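One structure below.
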Amino acid sequence: MDIFCRIANKEIKTDLLYEDDLVMAFNDIHPLAPVHVLIIPKEHIESIADLEDEDEKLMGRMIMAAKKIAEDLKIDSSGYKLLFRVKENGGQEVPHIHLHLIGGARLSENIKPIE
Ligand code: 5GP
């Protein structure tokens, strides 16, 4: 079972910033910026590439959760980055969909292809 399934099942205790019937959110363990939150579906879906048509509502919910968390953390007016990494070339390390919400500082562009 991947680490985010274990967090979703509450086998691993994590301070939750947001939870509803479909998604939950918590701080990234290795933050890249003052705000670095991960939003995950409670259901196990490996990556964006594995989504089905019926997951449309879930994905909308993930974005709306990110918007609400950004408001709660007061970074909505300064702005932020939302990022999905997808599979190997996308740099995805945890095989459970997660949306990165990154902000609280001006962010550099460092997602360059590896030569
Ligand atoms: P990816 O590279 O798959 O898009 O991002 C995975 C993210 O999950 C990384 O930013 C990493 O720091 C974070 N992460 C990995 N394991 C854990 C964990 O056990 N707890 C938390 N809170 N974050 C984790």
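Just follow the structure's listing: the first ligand is 1, and inside any ligand the first atom is 1. Being a predicted model, the structure only gives us computed values, none of them experimental.
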Q | Asp76 and Lys67 ion-paired at < 4.0 Å | A | no

(Q) Looking at Lys10 and Glu19, is there a salt bridge between them, counting it only when a charged N and a carboxylate O are closer than 4.0 Å? (A) yes

Q.
Show the nearest heavy-atom pair for residues His98 and Ile40, with the distance to one decimal.
A. CB-CG2, 3.7 Å

Q: Begin from the C-alpha positions of Asp2 and His44 and carry the test side-chain hydrogen bond (donor to acceptor under 3.5 Å, both in side chains) through to its verdict.
A: CA-CA 9 Å; Asp2 71 78; His44 177 77; 2.9 Å; yes

Q. So, Lys42 and Asp21, do they make that salt bridge, N to O below 4.0 Å?
A. no

Q. Under a 4.0 Å heavy-atom cut-off, which residues neighbour ligand 1?
A. Ile3, Phe4, Phe26, Asn27, Asp28, Ile29, His30, Leu38, Arg85, Gly91, Gln92, Glu93, Val94, His98, His100

Q) If you take all heavy atoms of Ala25 and Val37, which pair is closest and at what distance? A) CB-CG1, 3.9 Å

